[in-house]
Amino acid sequence: MRSLLGFAFVIGAAVAAELTVGARSGVTGDLNPAGAVWQAVEASKLALHRTPPQYATEPPSALEIASVEVKVIRGAGKTWVRLAWPDPSAETASLDKPKKMWQSEGLVRQSAATNRFFDGCAVMLPAQPVANDLFPSLQMGDALHPVLIYYYDAARGAEVMEAAGRGTTKRTGRKFPARATWAGGNWTIVLELPEVAAGTPLSVAVWNGGQQDRDGRKYFSVWHRLQ
Amino acid sequence: MSRHQYSMVLDLNKCLGCQTCTMACKKMWTDGDGMDYMYWNNVETRPGQGYPRKWDEMGGGFDRGQLRPSEIPTKEDYGQTFEYNYEARMYGGAASAQPHQEVRNTPNWDEDVGALMLGENYYFYLPRICNHCTNPACLAACPRSAIYKREEDGIVLIDQERCEGYRHCIQACPYKKIYFNELLGKSQKCIFCYPRLEKGDVNACAKQCPGRIRFVGLLDDPHSTVHKLVKVHKVALGLFPEKGTDPNVFYVPPFNPPRTGNYGKSILEDPRLPLDYLIYLFGEEVVEVIRRLEAELKVAQSGGRSEVLQLLIGRDAGVRYQIAQREDLVQIQPARHA
Ligand code: SF4
Ligand code: SF4
(Lines give C-alpha, C1' and ligand atoms only; values in the text may rest on other atoms or scores of the structure.)
(Ligands and ions follow the chains in the order given, each with its own letter.)
Protein backbone atom coordinates (compact mmCIF):
# COMPACT_ATOMS: atom_id res chain seq x y z
CA MET A 1 0.00 0.00 0.00
CA ARG A 2 2.97 2.26 0.56
CA SER A 3 3.99 1.87 -3.07
CA LEU A 4 0.70 3.41 -4.11
CA LEU A 5 1.57 6.61 -2.30
CA GLY A 6 5.09 6.49 -3.58
CA PHE A 7 3.81 6.14 -7.11
CA ALA A 8 1.54 9.12 -6.79
CA PHE A 9 4.05 11.41 -5.21
CA VAL A 10 7.58 10.64 -6.19
CA ILE A 11 8.19 14.18 -7.27
CA GLY A 12 11.36 14.29 -5.20
CA ALA A 13 12.92 17.69 -5.04
CA ALA A 14 10.59 19.25 -7.54
CA VAL A 15 11.25 22.19 -9.77
CA ALA A 16 9.07 25.17 -8.94
CA ALA A 17 5.88 25.58 -10.82
CA GLU A 18 5.09 29.15 -11.72
CA LEU A 19 2.64 29.38 -8.88
CA THR A 20 2.89 32.24 -6.44
CA VAL A 21 1.29 33.59 -3.33
CA GLY A 22 0.93 37.33 -3.09
CA ALA A 23 2.07 39.14 0.04
CA ARG A 24 1.73 42.59 1.48
CA SER A 25 4.95 43.96 2.94
CA GLY A 26 5.86 46.68 5.35
CA VAL A 27 2.86 46.47 7.64
CA THR A 28 2.29 44.65 10.89
CA GLY A 29 -0.06 41.73 10.65
CA ASP A 30 -2.87 40.90 13.02
CA LEU A 31 -3.43 37.53 14.70
CA ASN A 32 -7.12 38.30 14.67
CA PRO A 33 -8.47 36.77 11.46
CA ALA A 34 -11.12 39.53 11.36
CA GLY A 35 -8.56 42.32 11.88
CA ALA A 36 -8.99 45.30 9.56
CA VAL A 37 -5.46 45.01 8.19
CA TRP A 38 -6.42 41.83 6.36
CA GLN A 39 -9.03 43.58 4.24
CA ALA A 40 -6.40 45.33 2.19
CA VAL A 41 -4.39 42.19 1.49
CA GLU A 42 -4.78 40.47 -1.84
CA ALA A 43 -5.94 36.87 -1.54
CA SER A 44 -4.43 33.96 -3.45
CA LYS A 45 -6.54 30.91 -4.10
CA LEU A 46 -4.58 27.65 -3.81
CA ALA A 47 -6.10 24.53 -5.29
CA LEU A 48 -6.29 21.66 -2.81
CA HIS A 49 -5.76 18.02 -3.64
CA ARG A 50 -6.71 14.92 -1.71
CA THR A 51 -3.98 12.46 -0.76
CA PRO A 52 -4.56 8.94 -2.12
CA PRO A 53 -5.86 6.28 0.30
CA GLN A 54 -3.45 4.94 2.90
CA TYR A 55 -4.43 1.34 2.26
CA ALA A 56 -5.16 -0.25 -1.07
CA THR A 57 -8.38 -1.52 0.48
CA GLU A 58 -9.59 1.89 1.59
CA PRO A 59 -11.83 3.77 -0.87
CA PRO A 60 -10.66 7.25 -1.88
CA SER A 61 -12.37 10.06 -0.03
CA ALA A 62 -14.22 12.92 -1.64
CA LEU A 63 -12.74 16.31 -2.43
CA GLU A 64 -15.03 18.39 -0.23
CA ILE A 65 -12.73 21.41 0.02
CA ALA A 66 -11.53 22.51 -3.41
CA SER A 67 -9.30 25.38 -2.42
CA VAL A 68 -7.88 27.44 0.41
CA GLU A 69 -7.65 31.22 0.39
CA VAL A 70 -4.26 32.51 1.49
CA LYS A 71 -3.30 36.03 2.56
CA VAL A 72 0.20 36.89 3.66
CA ILE A 73 1.62 39.92 5.45
CA ARG A 74 5.37 40.37 5.84
CA GLY A 75 6.79 43.01 8.12
CA ALA A 76 8.40 43.73 11.48
CA GLY A 77 10.57 40.63 11.10
CA LYS A 78 7.57 38.34 10.95
CA THR A 79 5.26 36.73 8.46
CA TRP A 80 1.55 36.30 9.10
CA VAL A 81 -0.28 33.72 7.05
CA ARG A 82 -4.07 33.80 7.05
CA LEU A 83 -5.81 30.69 5.73
CA ALA A 84 -9.54 30.49 5.02
CA TRP A 85 -11.55 27.56 3.75
CA PRO A 86 -15.15 26.39 3.81
CA ASP A 87 -16.06 23.56 6.17
CA PRO A 88 -19.71 23.14 7.15
CA SER A 89 -18.86 21.31 10.40
CA ALA A 90 -16.23 22.41 12.90
CA GLU A 91 -14.50 19.39 14.43
CA THR A 92 -12.96 20.89 17.51
CA ALA A 93 -12.88 20.22 21.25
CA SER A 94 -11.27 21.37 24.40
CA LEU A 95 -9.47 18.41 25.88
CA ASP A 96 -8.63 17.97 29.55
CA LYS A 97 -4.93 17.95 30.25
CA PRO A 98 -3.90 14.49 31.44
CA LYS A 99 -2.18 14.73 34.82
CA LYS A 100 -2.25 11.33 36.44
CA MET A 101 -0.54 8.79 34.24
CA TRP A 102 -0.15 6.04 36.73
CA GLN A 103 -1.76 4.38 39.73
CA SER A 104 -3.81 7.44 40.44
CA GLU A 105 -6.01 8.03 43.45
CA GLY A 106 -9.63 9.03 43.07
CA LEU A 107 -11.38 9.79 39.82
CA VAL A 108 -9.52 9.90 36.55
CA ARG A 109 -10.16 12.27 33.67
CA GLN A 110 -11.99 10.51 30.90
CA SER A 111 -11.40 10.18 27.19
CA ALA A 112 -14.63 11.67 25.83
CA ALA A 113 -14.41 9.86 22.50
CA THR A 114 -12.29 7.33 20.67
CA ASN A 115 -13.09 8.00 17.05
CA ARG A 116 -13.11 11.73 16.47
CA PHE A 117 -10.53 13.69 14.53
CA PHE A 118 -10.08 17.42 14.58
CA ASP A 119 -9.83 20.04 11.87
CA GLY A 120 -6.42 21.47 11.28
CA CYS A 121 -4.10 23.18 8.87
CA ALA A 122 -0.41 23.63 8.26
CA VAL A 123 2.05 25.69 6.31
CA MET A 124 5.13 23.81 5.14
CA LEU A 125 8.37 25.65 4.38
CA PRO A 126 11.84 24.40 3.43
CA ALA A 127 14.03 24.30 6.56
CA GLN A 128 16.95 25.66 4.55
CA PRO A 129 16.98 28.26 1.75
CA VAL A 130 16.29 26.61 -1.60
CA ALA A 131 18.87 26.72 -4.37
CA ASN A 132 18.43 26.37 -8.12
CA ASP A 133 14.64 26.11 -7.91
CA LEU A 134 14.98 22.74 -6.20
CA PHE A 135 12.11 22.43 -3.77
CA PRO A 136 11.86 19.72 -1.12
CA SER A 137 9.61 16.73 -1.77
CA LEU A 138 5.98 17.59 -1.11
CA GLN A 139 5.87 14.44 1.03
CA MET A 140 7.23 16.16 4.12
CA GLY A 141 10.59 16.96 2.49
CA ASP A 142 13.40 14.49 2.06
CA ALA A 143 16.70 13.66 3.72
CA LEU A 144 18.60 16.36 1.82
CA HIS A 145 15.80 18.91 1.93
CA PRO A 146 14.20 18.96 5.38
CA VAL A 147 11.09 21.00 6.02
CA LEU A 148 9.47 22.98 8.83
CA ILE A 149 5.77 22.58 9.38
CA TYR A 150 3.73 25.20 11.21
CA TYR A 151 0.84 23.05 12.32
CA TYR A 152 -2.45 24.09 13.88
CA ASP A 153 -4.91 21.59 15.33
CA ALA A 154 -8.40 22.71 16.41
CA ALA A 155 -8.12 20.73 19.66
CA ARG A 156 -4.45 20.94 20.57
CA GLY A 157 -3.35 24.31 19.23
CA ALA A 158 -0.24 25.31 17.33
CA GLU A 159 3.13 23.59 17.22
CA VAL A 160 6.21 23.61 15.01
CA MET A 161 7.11 20.26 13.49
CA GLU A 162 10.16 19.11 11.60
CA ALA A 163 10.39 16.45 8.90
CA ALA A 164 12.83 15.04 6.41
CA GLY A 165 10.62 12.67 4.45
CA ARG A 166 7.38 10.77 4.81
CA GLY A 167 6.81 9.27 8.26
CA THR A 168 9.58 11.34 9.86
CA THR A 169 7.46 14.22 11.17
CA LYS A 170 8.54 15.14 14.70
CA ARG A 171 6.99 17.53 17.18
CA THR A 172 9.54 20.06 18.34
CA GLY A 173 7.57 21.17 21.38
CA ARG A 174 7.92 24.77 20.14
CA LYS A 175 4.64 26.65 20.12
CA PHE A 176 3.91 29.63 17.90
CA PRO A 177 1.13 32.23 17.93
CA ALA A 178 -2.02 31.29 16.04
CA ARG A 179 -5.66 32.20 16.25
CA ALA A 180 -8.59 30.45 14.64
CA THR A 181 -12.26 31.20 14.20
CA TRP A 182 -14.99 29.10 12.72
CA ALA A 183 -18.15 30.93 11.72
CA GLY A 184 -20.83 30.50 9.11
CA GLY A 185 -19.30 27.32 7.74
CA ASN A 186 -15.80 28.76 7.31
CA TRP A 187 -12.52 28.36 9.12
CA THR A 188 -10.23 31.38 9.21
CA ILE A 189 -6.87 30.95 10.88
CA VAL A 190 -3.90 33.26 11.24
CA LEU A 191 -0.47 31.73 11.86
CA GLU A 192 2.35 33.99 13.00
CA LEU A 193 5.63 32.74 11.52
CA PRO A 194 9.17 34.07 11.74
CA GLU A 195 10.22 36.12 8.72
CA VAL A 196 9.91 34.15 5.49
CA ALA A 197 12.02 35.59 2.66
CA ALA A 198 10.38 36.51 -0.63
CA GLY A 199 10.84 33.71 -3.14
CA THR A 200 10.53 30.97 -0.51
CA PRO A 201 8.21 28.14 -1.55
CA LEU A 202 5.36 27.24 0.75
CA SER A 203 2.64 24.66 0.64
CA VAL A 204 -0.56 24.41 2.62
CA ALA A 205 -2.35 21.42 4.12
CA VAL A 206 -5.87 21.19 5.52
CA TRP A 207 -7.25 18.35 7.63
CA ASN A 208 -11.01 17.87 7.74
CA GLY A 209 -11.83 15.99 10.94
CA GLY A 210 -15.27 15.11 9.59
CA GLN A 211 -13.58 13.04 6.88
CA GLN A 212 -11.42 11.29 9.50
CA ASP A 213 -8.42 13.24 8.25
CA ARG A 214 -5.19 12.91 10.17
CA ASP A 215 -1.60 12.29 9.24
CA GLY A 216 -1.21 11.74 5.47
CA ARG A 217 -4.96 11.63 4.99
CA LYS A 218 -5.52 15.30 4.20
CA TYR A 219 -5.78 18.07 1.63
CA PHE A 220 -2.59 19.58 0.27
CA SER A 221 -1.50 22.23 -2.17
CA VAL A 222 1.58 22.02 -4.34
CA TRP A 223 4.47 24.40 -3.70
CA HIS A 224 3.80 28.10 -4.32
CA ARG A 225 6.47 30.75 -4.22
CA LEU A 226 5.92 33.56 -1.75
CA GLN A 227 6.19 36.92 -3.50
CA MET B 1 9.45 -13.16 12.96
CA SER B 2 11.10 -12.56 16.31
CA ARG B 3 13.83 -14.76 17.74
CA HIS B 4 11.58 -15.95 20.58
CA GLN B 5 7.87 -15.61 21.13
CA TYR B 6 6.04 -15.25 24.42
CA SER B 7 2.69 -16.92 24.34
CA MET B 8 -0.33 -17.49 26.55
CA VAL B 9 -2.70 -20.45 26.55
CA LEU B 10 -6.11 -20.08 28.19
CA ASP B 11 -8.25 -23.10 29.02
CA LEU B 12 -11.80 -21.91 28.40
CA ASN B 13 -13.20 -24.96 30.19
CA LYS B 14 -11.99 -23.48 33.46
CA CYS B 15 -12.79 -19.77 33.14
CA LEU B 16 -15.19 -18.59 35.87
CA GLY B 17 -15.96 -15.21 34.34
CA CYS B 18 -14.90 -13.61 37.61
CA GLN B 19 -13.04 -10.70 35.95
CA THR B 20 -10.22 -10.90 38.49
CA CYS B 21 -7.81 -10.77 35.53
CA THR B 22 -9.57 -7.68 34.17
CA MET B 23 -9.19 -5.90 37.49
CA ALA B 24 -5.60 -7.05 37.98
CA CYS B 25 -4.74 -5.52 34.62
CA LYS B 26 -6.80 -2.38 35.20
CA LYS B 27 -5.13 -1.63 38.51
CA MET B 28 -1.72 -2.45 37.15
CA TRP B 29 -1.76 -0.56 33.85
CA THR B 30 -4.88 1.39 32.92
CA ASP B 31 -5.96 3.54 35.82
CA GLY B 32 -4.43 6.77 34.52
CA ASP B 33 -6.16 9.72 32.90
CA GLY B 34 -7.85 9.01 29.59
CA MET B 35 -7.72 5.23 30.16
CA ASP B 36 -11.05 4.90 31.94
CA TYR B 37 -12.80 2.84 29.26
CA MET B 38 -9.82 0.63 28.41
CA TYR B 39 -9.58 -2.99 29.44
CA TRP B 40 -6.38 -4.38 27.95
CA ASN B 41 -7.63 -7.64 29.42
CA ASN B 42 -11.37 -8.16 29.10
CA VAL B 43 -13.59 -11.18 29.60
CA GLU B 44 -16.66 -11.42 27.40
CA THR B 45 -19.58 -13.83 27.39
CA ARG B 46 -19.83 -15.95 24.25
CA PRO B 47 -22.02 -16.08 22.25
CA GLY B 48 -22.41 -12.36 22.78
CA GLN B 49 -21.59 -8.93 21.50
CA GLY B 50 -18.05 -8.78 22.90
CA TYR B 51 -15.96 -5.78 23.82
CA PRO B 52 -15.92 -3.48 21.98
CA ARG B 53 -19.41 -4.34 20.76
CA LYS B 54 -19.32 -6.52 17.61
CA TRP B 55 -15.57 -6.22 17.26
CA ASP B 56 -15.45 -9.50 15.39
CA GLU B 57 -17.58 -8.02 12.59
CA MET B 58 -15.73 -4.73 12.25
CA GLY B 59 -12.96 -5.81 9.91
CA GLY B 60 -9.23 -5.38 10.17
CA GLY B 61 -6.57 -8.03 9.70
CA PHE B 62 -5.41 -9.12 6.28
CA ASP B 63 -7.22 -10.17 3.15
CA ARG B 64 -4.79 -11.81 0.70
CA GLY B 65 -1.92 -9.83 2.15
CA GLN B 66 -3.74 -6.49 2.08
CA LEU B 67 -4.97 -4.71 5.19
CA ARG B 68 -8.72 -5.05 5.42
CA PRO B 69 -10.65 -1.82 6.11
CA SER B 70 -12.50 -1.32 9.38
CA GLU B 71 -14.16 1.36 11.43
CA ILE B 72 -12.83 2.68 14.72
CA PRO B 73 -15.10 1.59 17.60
CA THR B 74 -16.96 4.43 19.31
CA LYS B 75 -16.72 5.04 23.03
CA GLU B 76 -20.20 3.59 23.40
CA ASP B 77 -19.10 0.46 21.55
CA TYR B 78 -16.55 -0.06 24.31
CA GLY B 79 -19.11 0.65 26.99
CA GLN B 80 -19.81 3.80 28.89
CA THR B 81 -17.95 4.86 31.98
CA PHE B 82 -20.12 6.36 34.66
CA GLU B 83 -20.38 7.23 38.32
CA TYR B 84 -23.05 6.45 40.88
CA ASN B 85 -24.85 8.93 43.13
CA TYR B 86 -23.19 7.56 46.25
CA GLU B 87 -23.41 10.95 48.02
CA ALA B 88 -27.17 11.06 47.63
CA ARG B 89 -27.58 7.40 48.51
CA MET B 90 -25.48 7.47 51.64
CA TYR B 91 -26.11 10.95 53.03
CA GLY B 92 -29.03 12.44 51.09
CA GLY B 93 -31.72 9.84 51.64
CA ALA B 94 -31.85 8.51 48.05
CA ALA B 95 -33.58 5.14 47.93
CA SER B 96 -31.00 3.42 45.75
CA ALA B 97 -27.63 3.99 44.16
CA GLN B 98 -28.15 4.93 40.53
CA PRO B 99 -25.76 5.70 37.68
CA HIS B 100 -25.51 9.37 36.73
CA GLN B 101 -26.59 8.67 33.20
CA GLU B 102 -28.68 6.19 31.33
CA VAL B 103 -26.48 3.17 30.70
CA ARG B 104 -26.88 1.51 27.33
CA ASN B 105 -23.69 -0.49 27.08
CA THR B 106 -20.81 -1.63 29.25
CA PRO B 107 -18.05 -4.17 28.74
CA ASN B 108 -19.63 -7.62 29.09
CA TRP B 109 -23.04 -5.90 29.01
CA ASP B 110 -24.69 -9.18 28.01
CA GLU B 111 -23.04 -11.17 30.78
CA ASP B 112 -24.34 -14.75 30.97
CA VAL B 113 -27.07 -14.13 28.41
CA GLY B 114 -25.58 -16.60 25.94
CA ALA B 115 -27.95 -18.34 23.55
CA LEU B 116 -30.37 -21.22 23.42
CA MET B 117 -29.84 -24.61 21.87
CA LEU B 118 -32.46 -27.33 22.03
CA GLY B 119 -34.24 -25.30 24.69
CA GLU B 120 -31.20 -25.08 26.93
CA ASN B 121 -29.13 -22.04 27.57
CA TYR B 122 -25.40 -22.18 26.93
CA TYR B 123 -22.53 -19.75 27.19
CA PHE B 124 -18.89 -19.60 28.07
CA TYR B 125 -16.36 -16.89 28.82
CA LEU B 126 -13.69 -15.64 26.48
CA PRO B 127 -10.90 -13.68 28.18
CA ARG B 128 -8.98 -11.57 25.67
CA ILE B 129 -5.70 -9.66 25.56
CA CYS B 130 -3.57 -8.49 22.64
CA ASN B 131 -2.41 -11.58 20.76
CA HIS B 132 1.13 -10.29 20.20
CA CYS B 133 0.71 -11.57 16.68
CA THR B 134 3.51 -12.96 14.55
CA ASN B 135 2.17 -10.87 11.65
CA PRO B 136 0.70 -7.87 13.47
CA ALA B 137 -1.72 -5.87 11.33
CA CYS B 138 -1.38 -2.97 13.77
CA LEU B 139 2.33 -2.76 13.02
CA ALA B 140 1.77 -2.99 9.27
CA ALA B 141 -0.71 -0.11 9.38
CA CYS B 142 1.31 2.40 11.38
CA PRO B 143 2.72 5.06 9.05
CA ARG B 144 5.11 6.26 11.76
CA SER B 145 6.72 2.91 12.58
CA ALA B 146 5.67 3.55 16.17
CA ILE B 147 4.68 -0.09 16.69
CA TYR B 148 7.40 -2.68 17.02
CA LYS B 149 7.69 -6.34 17.81
CA ARG B 150 10.50 -7.10 20.23
CA GLU B 151 13.11 -9.29 18.61
CA GLU B 152 13.97 -11.02 21.89
CA ASP B 153 10.48 -12.17 22.90
CA GLY B 154 7.92 -11.18 20.25
CA ILE B 155 6.02 -8.76 22.49
CA VAL B 156 4.29 -6.06 20.39
CA LEU B 157 4.58 -2.54 21.82
CA ILE B 158 3.65 1.01 20.84
CA ASP B 159 6.44 3.54 21.23
CA GLN B 160 4.55 6.27 23.06
CA GLU B 161 7.03 8.89 21.90
CA ARG B 162 6.55 8.13 18.21
CA CYS B 163 2.78 7.52 18.34
CA GLU B 164 0.72 10.45 17.07
CA GLY B 165 -2.66 8.90 17.78
CA TYR B 166 -3.61 8.40 14.13
CA ARG B 167 -5.42 5.15 14.99
CA HIS B 168 -4.68 3.27 11.79
CA CYS B 169 -3.61 0.46 14.15
CA ILE B 170 -7.02 0.40 15.82
CA GLN B 171 -8.64 -0.03 12.44
CA ALA B 172 -6.12 -2.65 11.37
CA CYS B 173 -6.24 -4.85 14.49
CA PRO B 174 -8.89 -7.49 13.80
CA TYR B 175 -9.21 -8.13 17.55
CA LYS B 176 -9.67 -4.43 18.39
CA LYS B 177 -7.07 -4.68 21.11
CA ILE B 178 -5.64 -1.17 20.75
CA TYR B 179 -7.29 1.72 22.56
CA PHE B 180 -7.09 5.46 22.04
CA ASN B 181 -6.23 7.75 24.94
CA GLU B 182 -7.79 10.97 23.71
CA LEU B 183 -6.32 13.10 26.48
CA LEU B 184 -2.78 12.00 25.64
CA GLY B 185 -3.46 11.69 21.92
CA LYS B 186 -1.79 8.26 21.95
CA SER B 187 -2.86 4.72 21.17
CA GLN B 188 -2.25 2.23 23.98
CA LYS B 189 -2.38 -1.54 24.33
CA CYS B 190 -1.53 -4.64 26.35
CA ILE B 191 2.21 -4.82 26.96
CA PHE B 192 2.13 -8.51 27.99
CA CYS B 193 3.40 -7.27 31.38
CA TYR B 194 6.93 -7.14 29.97
CA PRO B 195 8.29 -5.26 33.01
CA ARG B 196 7.06 -8.12 35.21
CA LEU B 197 8.43 -10.81 32.88
CA GLU B 198 11.80 -9.09 32.86
CA LYS B 199 11.86 -9.46 36.64
CA GLY B 200 10.94 -13.14 36.37
CA ASP B 201 7.30 -12.67 37.39
CA VAL B 202 4.32 -13.72 35.33
CA ASN B 203 1.66 -11.44 33.79
CA ALA B 204 -0.73 -9.92 36.34
CA CYS B 205 -3.81 -11.42 34.68
CA ALA B 206 -2.32 -14.90 34.85
CA LYS B 207 -0.98 -14.55 38.37
CA GLN B 208 -4.34 -13.45 39.81
CA CYS B 209 -6.50 -15.96 37.92
CA PRO B 210 -8.34 -18.09 40.55
CA GLY B 211 -9.43 -20.50 37.80
CA ARG B 212 -5.77 -21.20 36.99
CA ILE B 213 -6.72 -21.17 33.35
CA ARG B 214 -3.65 -19.33 32.05
CA PHE B 215 -0.31 -20.73 30.95
CA VAL B 216 2.59 -18.50 29.99
CA GLY B 217 5.94 -19.25 28.41
CA LEU B 218 7.97 -19.11 25.23
CA LEU B 219 6.22 -20.86 22.39
CA ASP B 220 9.59 -21.95 21.00
CA ASP B 221 10.85 -23.37 24.32
CA PRO B 222 10.33 -27.15 24.11
CA HIS B 223 10.12 -27.34 27.93
CA SER B 224 7.34 -24.79 28.25
CA THR B 225 3.77 -25.85 28.91
CA VAL B 226 2.51 -23.48 26.20
CA HIS B 227 4.79 -25.22 23.70
CA LYS B 228 3.54 -28.63 24.77
CA LEU B 229 -0.13 -27.64 24.60
CA VAL B 230 0.09 -25.78 21.29
CA LYS B 231 2.85 -27.51 19.34
CA VAL B 232 3.14 -31.04 20.74
CA HIS B 233 -0.38 -32.02 21.84
CA LYS B 234 -2.08 -29.48 19.58
CA VAL B 235 -5.00 -28.81 21.91
CA ALA B 236 -5.06 -24.99 21.78
CA LEU B 237 -5.97 -22.68 18.92
CA GLY B 238 -5.74 -18.98 18.10
CA LEU B 239 -8.88 -16.90 17.73
CA PHE B 240 -10.09 -16.19 14.18
CA PRO B 241 -7.12 -17.69 12.32
CA GLU B 242 -8.51 -16.41 9.01
CA LYS B 243 -7.82 -12.82 10.03
CA GLY B 244 -4.24 -13.45 8.97
CA THR B 245 -2.25 -12.01 11.87
CA ASP B 246 -1.03 -15.33 13.32
CA PRO B 247 -2.02 -14.73 16.97
CA ASN B 248 0.14 -16.00 19.84
CA VAL B 249 -2.61 -16.29 22.44
CA PHE B 250 -4.21 -19.74 22.24
CA TYR B 251 -7.39 -21.22 23.66
CA VAL B 252 -8.30 -24.70 24.74
CA PRO B 253 -11.89 -24.75 23.41
CA PRO B 254 -14.83 -25.65 25.66
CA PHE B 255 -15.25 -29.33 24.89
CA ASN B 256 -17.30 -30.99 27.55
CA PRO B 257 -19.77 -28.59 29.15
CA PRO B 258 -22.64 -30.41 30.93
CA ARG B 259 -26.23 -30.50 29.77
CA THR B 260 -29.18 -32.17 31.39
CA GLY B 261 -29.22 -35.88 30.89
CA ASN B 262 -26.19 -36.45 28.73
CA TYR B 263 -23.43 -37.04 31.24
CA GLY B 264 -20.36 -38.58 29.75
CA LYS B 265 -21.33 -37.99 26.16
CA SER B 266 -18.96 -36.26 23.82
CA ILE B 267 -19.75 -32.81 22.48
CA LEU B 268 -19.25 -34.36 19.05
CA GLU B 269 -21.93 -37.01 19.57
CA ASP B 270 -24.37 -34.88 21.57
CA PRO B 271 -23.43 -31.21 21.37
CA ARG B 272 -24.16 -28.93 24.33
CA LEU B 273 -23.31 -25.94 22.23
CA PRO B 274 -23.30 -25.61 18.47
CA LEU B 275 -20.04 -26.76 17.00
CA ASP B 276 -20.52 -24.17 14.27
CA TYR B 277 -20.03 -21.45 16.83
CA LEU B 278 -16.70 -22.92 17.93
CA ILE B 279 -15.72 -23.26 14.27
CA TYR B 280 -16.64 -19.60 13.78
CA LEU B 281 -14.29 -18.61 16.61
CA PHE B 282 -11.40 -21.01 16.12
CA GLY B 283 -11.65 -22.38 12.59
CA GLU B 284 -12.31 -25.91 11.31
CA GLU B 285 -9.39 -27.36 13.24
CA VAL B 286 -11.39 -27.03 16.45
CA VAL B 287 -13.15 -30.32 15.62
CA GLU B 288 -9.85 -32.19 15.61
CA VAL B 289 -8.79 -30.43 18.80
CA ILE B 290 -11.98 -31.52 20.54
CA ARG B 291 -11.39 -35.09 19.35
CA ARG B 292 -7.91 -35.03 20.83
CA LEU B 293 -9.17 -33.60 24.12
CA GLU B 294 -11.89 -36.21 24.38
CA ALA B 295 -9.41 -38.98 23.70
CA GLU B 296 -7.28 -37.65 26.56
CA LEU B 297 -10.33 -37.51 28.80
CA LYS B 298 -11.14 -41.17 28.00
CA VAL B 299 -7.58 -42.15 28.91
CA ALA B 300 -7.88 -40.41 32.27
CA GLN B 301 -11.39 -41.75 32.93
CA SER B 302 -10.22 -45.30 32.34
CA GLY B 303 -7.47 -44.90 34.92
CA GLY B 304 -4.64 -43.98 32.57
CA ARG B 305 -2.42 -40.95 32.74
CA SER B 306 -2.90 -38.06 30.32
CA GLU B 307 -0.08 -35.55 30.18
CA VAL B 308 -2.42 -33.07 28.50
CA LEU B 309 -4.93 -33.18 31.33
CA GLN B 310 -2.19 -33.08 33.95
CA LEU B 311 -0.86 -29.93 32.32
CA LEU B 312 -4.32 -28.41 31.96
CA ILE B 313 -5.05 -28.93 35.65
CA GLY B 314 -2.20 -26.49 36.17
CA ARG B 315 -1.62 -27.49 39.77
CA ASP B 316 0.98 -24.88 40.59
CA ALA B 317 2.82 -21.95 39.14
CA GLY B 318 5.70 -24.21 38.15
CA VAL B 319 3.42 -26.10 35.77
CA ARG B 320 1.67 -23.02 34.41
CA TYR B 321 4.48 -20.58 33.85
CA GLN B 322 7.97 -20.83 32.45
CA ILE B 323 9.34 -17.31 32.47
CA ALA B 324 12.64 -17.06 30.64
CA GLN B 325 15.66 -15.72 32.45
CA ARG B 326 16.89 -12.51 30.90
CA GLU B 327 20.13 -14.22 29.86
CA ASP B 328 18.11 -16.76 27.88
CA LEU B 329 16.76 -14.07 25.64
CA VAL B 330 19.14 -12.60 23.17
CA GLN B 331 18.85 -8.90 23.73
CA ILE B 332 18.62 -7.43 20.29
CA GLN B 333 17.02 -4.07 19.77
CA PRO B 334 14.39 -4.25 17.05
CA ALA B 335 15.28 -2.63 13.76
CA ARG B 336 13.57 0.75 13.85
CA HIS B 337 13.11 3.31 11.12
CA ALA B 338 14.11 6.90 11.59
S1 SF4 C 1 -3.85 -8.51 18.51
FE2 SF4 C 1 -4.07 -6.60 17.35
S3 SF4 C 1 -2.87 -5.12 18.57
FE4 SF4 C 1 -2.20 -7.16 19.22
S5 SF4 C 1 -0.43 -7.62 17.88
FE6 SF4 C 1 -2.25 -8.54 16.91
S7 SF4 C 1 -2.90 -6.96 15.45
FE8 SF4 C 1 -1.53 -5.93 16.91
S1 SF4 D 1 -9.31 -14.36 36.36
FE2 SF4 D 1 -9.17 -16.32 35.29
S3 SF4 D 1 -11.12 -17.35 35.78
FE4 SF4 D 1 -11.41 -15.19 36.30
S5 SF4 D 1 -12.30 -14.29 34.40
FE6 SF4 D 1 -10.07 -14.01 34.26
S7 SF4 D 1 -9.34 -15.79 33.10
FE8 SF4 D 1 -11.43 -16.29 33.80
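Numbered from 1 within each chain, the chains take letters A, B, ... in sequence-line order.
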Please flag which part of Glu76(B) lies under 4.5 Å from any non-hydrogen atom of chain A: side chain, backbone, both or neither.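 Glu76(B) has no heavy atom closer than 4.5 Å to chain A.
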
Please classify the contact of Arg116(A) with chain B as side chain, backbone, both or neither, using a heavy-atom distance under 4.5 Å.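 Both backbone and side chain.
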
Measure distances from Ala93(A) to the heavy atoms of chain B and classify the residue's part below 4.5 Å as side chain, backbone, both or neither.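 Answer is neither: Ala93(A) stays 4.5 Å or more from chain B.
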
Salt bridge flag under 4.0 Å for residues [X] and [Y]:
| X | Y | value |
| --- | --- | --- |
| Glu164(B) | Arg214(A) | no |
| Asp213(A) | Arg50(A) | yes |
| Glu44(B) | Lys176(B) | no |

Choice from Phe180(B), Tyr179(B), Tyr166(B), Tyr78(B) maximising heavy atom contacts with chain A below 4.5 Å: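 Top count of heavy-atom pairs under 4.5 Å with chain A: Tyr166(B).
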
Tell me whether the guanidinium CZ or amine NZ of Lys26(B) lies under 6.0 angstrom from the six-membered ring centre of Tyr39(B) and within 45° of its axis.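 Here Lys26(B) passes the 6.0 Å and 45° test against Tyr39(B).
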
